[in-house]
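Some notes on the structure that comes next.
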2 protein chains.
Amino acid sequence: MLKISTRCRYGLLAMVELGQHDGQTPMSVQDIYQKQRIPKFYLQQLLVKLRRNGLVESVRGSKGGFVLKKDPKQIKILDIVKAVEGPVQLIFCTKKAKDRCCRRIKECLTRPVWVELHEVVNKVLSERTLHDLTQNLP
Amino acid sequence: MLKISTRCRYGLLAMVELGQHDGQTPMSVQDIYQKQRIPKFYLQQLLVKLRRNGLVESVRGSKGGFVLKKDPKQIKILDIVKAVEGPVQLIFCTKKAKDRCCRRIKECLTRPVWVELHEVVNKVLSERTLHDLTQNLP
DNA sequence: CTATATATGACTTAATTTGTCAAGTATTAA
DNA sequence: TTAATACTTGACAAATTAAGTCATATATAG
């Protein structure tokens, strides 16, 4: 429970790798694989998701690969997590989805903690950027 | 990823139910089931875990059931979560288990976010108590 | 004694995660 | 143009974890 999935870890690792790279020439899956030893086919899948979510750009053909699409300062960690995993929903009774829960009063007595957790996690993930990680700044 | 498991939700629901109860006479699995509709056999398992972790006391035999073992103010939500699920480890490279990770330098560039998440989650769970929930206080 | 409860551990079933593969399409260096 | 390189897609399989059930044993109030 509440474990960071490999999808997330790998996804962030790949992004950090791209962030460390020159920013001009594309890095191929092979390149990233050689640095991080993330299973190649799996990594590829994740990169596709990152591309579809506008975080990286792909360059096809020989010498192709992937490049960050934005300034690392503009890339929230939350964006990366969402890209590879979908929205971070610790519970299904946030404000937006309130109708899906709380039919029983007692259940709602437990809700505040989960909501607080949900908020605090989303806060951290949306305050930190890729830049924070590649620059070793707080 | 990062979803609250039913074990946690059920476990906390059961504890809240016990917290709402008179605190003297035991509540049977059946009683809790009737309030919360948590699958009976599953609930039982969870209660056994809560007992083994010193959060509830069991009274066997007719009119038996479960009672909170401590003052709700002394019961951290984290205790409950740990009881039903084991330690909350978002990642496996916290200070204590540092040796199990970070063999690759780059991987550690991603570590700070996960550590921060880990800490923030554990903080919330250990600051909130059962009493906070049953009393609707912040 | 008996009805009611918990205790325990094994066992299913379902869902999710993680990872692989194959066949195809696109691009470019040479 | 061609060979090499790389991305695209969707299906699939293995492994792990979560969720839920059951049978049997043990304890106790009345």
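The chains referred to below are lettered A, B, ... by the order of the sequence lines, with proteins before strands, and numbering in each begins at 1. These numbers come from the heavy atoms of this one structure, side chains and all, not from hydrogens, waters or symmetry mates. Small disclaimer: the values here were computed from a predicted structure and weren't measured.
OP1 or OP2 of D/dA19 lies within a sub-4.0 Å distance of a side-chain N or O belonging to B/T6. Phosphate proximity of C/dT2 to B/S62: absent, as no side-chain N or O sits under 4.0 Å from OP1 or OP2. Look at B/R52 and you'll find a side-chain N or O under 4.0 angstrom from OP1 or OP2 of C/dT8. Of the side-chain N and O atoms in B/Y10, one or more sit less than 4.0 angstrom from OP1 or OP2 of D/dG20. The side chain of B/R7 contributes an N or O atom lying less than 4.0 Å from OP1 or OP2 of D/dA18.
A/K3 has its NZ atom 9 Å from the C1' atom of D/dT16, to the nearest Å. Spacing between atom NZ of A/K63 and atom C1' of C/dA30 amounts to 11 Å, rounded to whole angstrom units. Summarising the geometry, the separation between CE on A/M27 and P on D/dT5 is reported as 17 Å, rounded to the nearest angstrom. Spacing between atom CG of B/L47 and atom C1' of D/dT21 amounts to 16 Å, rounded to whole angstrom units. Distance CZ (B/F41) to P (C/dA10): 17 Å, rounded to an integer number of Å. Summarising the geometry, the separation between CZ on A/R9 and C1' on C/dT18 is reported as 11 Å, rounded to the nearest angstrom. As rounded to whole Å, 12 Å separates atom P of C/dA7 from atom CG of B/L43. In this structure, A/Y42 atom OH and C/dT17 atom C1' are separated by 6 Å, rounded to whole Å.
If you check distances only, the side chain of B/R60 does reach the base of C/dT6 with a donor-acceptor pair under 3.5 Å. Remark: the B/R51 side chain and the C/dT6 base include no donor-acceptor N/O pair separated by less than 3.5 Å. No hydrogens or angles were tested; on distance alone, a donor-acceptor pair under 3.5 Å links the side chain of B/Q44 to the base of C/dA7.
When atom types are taken as modelled, the side chain of B/D79 and the backbone of B/I75 share no donor-acceptor pair closer than 3.5 angstrom.
Geometrically, B/R7 does not engage B/Y10 in a cation-pi contact defined by less than 6.0 Å to the ring centre and at most 45° from the axis.
Side-chain contact between B/K3 and A/Q89 is absent, with no heavy-atom pair separated by less than 4.5 Å. For the pair A/V113 and B/R128, the minimum side-chain heavy-atom distance is below 4.5 Å.
Toward the 5' end of DNA chain D, the nearer of the two residues A/V48 and B/E85, judged by each one's closest nucleotide, is A/V48. Of the residues near DNA chain C, A/S5 and B/D31, the one whose nearest nucleotide (by heavy atom distance) lies more toward the 5' end is B/D31.
Look at B/K123 and B/E127 and you find a salt bridge, because one of the NZ, NE, NH1 or NH2 atoms lies within 4.0 Å of a carboxylate O, short of that distance. Note on A/R51 versus A/E57: no salt bridge recorded, every NZ/NE/NH1/NH2 to OD/OE distance being 4.0 Å or above.
Of the candidate nucleotides C/dT18, D/dT21, C/dA7, C/dA7 has the atom lying nearest to any side-chain atom of B/S58. Listed candidates were C/dT20, C/dT6, C/dT17. Nearest to the side chain of A/P39 is C/dT20. Considering only side-chain atoms of B/S28, the nucleotide from C/dA5, C/dT8, D/dA19 that sits closest is C/dA5.
Using a 4.0 Å heavy-atom distance criterion, B/G64 is classed as a sugar-phosphate-only contact. Residue contacts shown for B/Q45 include a base, since a base heavy atom lies under 4.0 Å away.
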